[in-house]
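A short worksheet on the structure shown next.
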Amino acid sequence: MAFKAPVKDQLFCMKELAGIDKIAEIPGFEDAGYETAQAVLEESAKFNEGVVAPLNWSGDQDHGSWDNGVVRASKGFKEAYAALAEGGWQGLGQPAEYGGQGLPKIIGAACVEQTMAANLSFSLCSILTGGAIEALLTAGSDELKTRYIPNMVSGKWTGTMNLTEPQAGSDLALVRSKAVPQDDGTYRVSGQKIYITYGEHDMTENIVHLVLARTPDAPEGVKGISLFVVPKFMVNADGSLGQRNDVYCASIEEKLGIKASPTAVLVYGDDKGEVGPGAIGYLVGEENRGLEYMFIMMNAARYDVGLQGLGVSERAYQHAVAYARDRVQSRPVDGSAKESVAIIHHPDVKRMLLTMRALIEGERAMALVGAAAYDTAHHHPDAAVAKQAQAFYEFLVPLIKGFSTENSVEVTSLGVQVHGGMGFIEETGAAQYYRDSRILPIYEGTTAIQANDLVGRKTSRDGGALAKAIAAQIADTEGQLAARPSAAGQKLAKQLKAARESFLQVVDFVVANVKSNPNAVFAGSVPYLMLAGNLVSGWQMGRALMVAEDKLAAGEDAQFMAAKIATARFYGDHILARIASLRDTILEGGDSVSAMPLDAF
């Protein structure tokens, strides 16, 4: 099925909810307002619909190869990546001084979502490269920046993130890779890294690995981890490529989904390069601060993984709607037709499609509002405004990542269900989205890790002050909805109020019990994340409803606005309604999680 980028809804969110015109008032972004966004998104849509999306199914079926350390990408990926680089898409939001276009994150995020929806496997390479660029921009020396960033921004080279080892999954305190300092200021890196996305491929001439490792005298635990640049090929002083470094791809993983994305096992220091034993690496920043620097990359990646959940959900929704329009089966239950009709007429199919759509629209709004907060935090000239925006953005990141990815599994599963038995057959393509989505709540920090961050750093650390400040903004929206003349607005105001009050009860519970009864609090951490993500998305849907009602009354784009209103109504009735049960689980369910003796499992 042909993919259609959701440009119209993206632009609606950017203009009406995220306030792109306000972003364009920030110095440096004057030329990045709505008209620019529209032009960029429409060009991005052409690229993703015409070049990237057609490779999604073929990449899943014929997903490249590994042969004695050499990885060849899925057919068409190399050419598509060259087109991505030529189009300047890798450098869209990167600084102009390194060859980027310097556009705000709010525009870049919408383009990234399109690529995620078009082809999840393909998109991973560019977002990991973007994260590596961000880490180097923040912590790299001027020499490292000059040597590596321009070619990464241009798409000539790609980047990776090397954290995980066989004995150390999410617990990075167990990292064992070694980095031994040399007289020339370099380090010799040795060890094994697993689950390295695009750790080896043939799409570009060089790969820049960012690697966590320990120096000989480093303290134990996470305080002893340093970050190193380890290029696949050494880079000469004139920028040309030199000897092959001692990093080798031992294998690529056979996976449930995202099959066309090569997930590599990388071995450093096995004397398989041309530089002698030990891969040559360059320290990023200071020794023993590597995890701090890597978190810069991880936070960028976590936001982007949220966009992956959103993108694959959008693709599954479009596929399901197309099938539901074509598939004729059964007469309507209301007797409105005597013959069988397309299944999109049936109430339960409508319920499934609206569930998919409502979750997608809420998540998209939350993500783009978050992107605007990021732009404000990093570029606004008023330090107080920037600080407030940064706190808001940081609160949203675990929600964007966790809520959107958990829901992507639900949405893509519903996509299979809409297809019925045909959804279980690979040929229809619906199953691929389901398989691809399943990794998203796992990598770049599982949902539990995101939830622990939400509980610890984002809620309990300040006594719930930030969470309650966000709730106060939601209360303002409730008041606006309650004052609407429409029954839909007034009803959604009541639903949003009930959801907000449940959220505040949970925040008080977390703050009061995180130290005295941590097991009970963290037993409910994922439900808390889902509750908070649901509330923030519902808040944005409430704001969207008001805009859509006003525009519909003015005769603007009646079909789109009516659909936006209907989707917001559904969100209130069916999605916000989940919050009460999540609240009860958190407040009352902690003890039962710990009641089972371990040997009884």
Side-chain angles (χ1 to χ4, degrees), residues 355 358-359 361-363 365-366 369 392 395-396 398-404 406-407 410 447-448 450-482 488-514 516-545 568-593:
T355 300
L359 288 170
E361 290 191 11
E363 291 159 11
M366 178 168 63
V369 166
F392 181 53
F395 190 90
L396 290 186
L399 310 186
I400 291 166
K401 199 283 186 183
F403 185 70
S404 301
E406 288 287 345
N407 286 334
E410 177 182 352
T447 308
Q450 310 303 317
N452 290 352
D453 176 51
L454 181 66
V455 167
R457 294 186 180 91
K458 309 297 168 55
T459 302
S460 61
R461 180 175 288 181
D462 66 356
L466 176 59
K468 291 180 179 181
I470 294 170
Q473 295 181 59
I474 297 171
D476 288 342
T477 299
E478 291 166 26
Q480 296 169 37
L481 283 164
Q490 294 170 16
K491 183 179 183 183
L492 189 53
K494 294 177 181 177
Q495 293 165 330
L496 197 56
K497 180 181 179 182
R500 175 182 55 84
E501 290 175 345
S502 292
F503 171 74
L504 288 173
Q505 287 179 272
V506 170
V507 170
D508 286 341
F509 172 81
V510 167
V511 171
N513 292 280
V514 68
S516 61
N517 193 2
N519 285 340
V521 170
F522 285 94
S525 62
V526 169
Y528 171 39
L529 181 149
M530 297 301 289
L531 187 158
N534 190 336
L535 175 64
V536 173
S537 292
W539 172 29
Q540 302 311 316
M541 294 300 284
R543 296 178 64 213
L545 180 139
R569 289 178 58 197
F570 182 91
Y571 197 103
D573 290 342
H574 294 263
I575 311 298
L576 276 178
R578 300 176 180 183
I579 283 182
S581 62
L582 289 168
R583 175 203 62 206
D584 293 347
T585 295
I586 298 162
L587 300 183
E588 306 293 339
D591 290 343
S592 62
V593 172

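These numbers come from the heavy atoms of this one structure, side chains and all, not from hydrogens, waters or symmetry mates. By convention here, the first residue in the shown sequence is residue 1.
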Distance (rounded to the nearest 0.5 Å) between Y528 OH and I586 CD1: 8.5 Å
dist I470:CD1 -> L466:CG (nearest 0.5 Å) comes out at 4.5 Å
Sorted by chain and residue number, the side chain to side chain contact (heavy atoms under 4.5 Å, CB included) partners of K497 (sequence neighbours excluded) come out as E478, R500, E501
Indicate yes or no: at least one non-hydrogen side-chain atom of F403 is less than 4.5 angstrom from one of V536. no
Can you pull the side-chain hydrogen bond (donor to acceptor under 3.5 Å, both in side chains) pairs that have at least one residue in residues 531-545, sequence neighbours excluded? T477-W539, N534-Y571, Q540-R543
Restricting to side chain to side chain contact (heavy atoms under 4.5 Å, CB included), what partner residues turn up for A580, sequence neighbours left out? R583
pair D591-N519: side-chain heavy atoms closer than 4.5 Å: no
Please assess D573 against K491 for the test side-chain contact (heavy atoms from CB on, under 4.5 Å), listing each intermediate value before the final yes or no. CA-CA 9 Å; D573 290 342; K491 183 179 183 183; 3.0 Å; yes
Go through the structure and list residues passing side chain to side chain contact (heavy atoms under 4.5 Å, CB included) with D508, not counting sequence neighbours. K468
Residue list, ring-ring contact (aromatic ring centres under 6.0 Å, His included) with F570, at least two apart or on another chain: H574
Between T447 (side chain) and G402 (backbone), is there a donor-acceptor pair under 3.5 Å? no
Is S525 reaching over with its side chain to a backbone N or O of N452, donor-acceptor style, under 3.5 angstrom? no
With R461, which residues qualify under side chain to side chain contact (heavy atoms under 4.5 Å, CB included), at least two apart? R457
Under a 3.5 Å distance rule, please check whether N517 uses its side chain to pair with a backbone N or O of N513 as donor and acceptor. no
Just wondering, do V455 and F522 contact through their side chains at under 4.5 Å, heavy atoms? yes
Under a 4.0 Å N-O cut-off, is there an ion pair linking R578 with E410? yes
Do D453 and K458 touch side chain to side chain, with heavy atoms closer than 4.5 Å? yes
Any non-hydrogen side-chain atom of L492 less than 4.5 Å from a side-chain atom of L576? yes
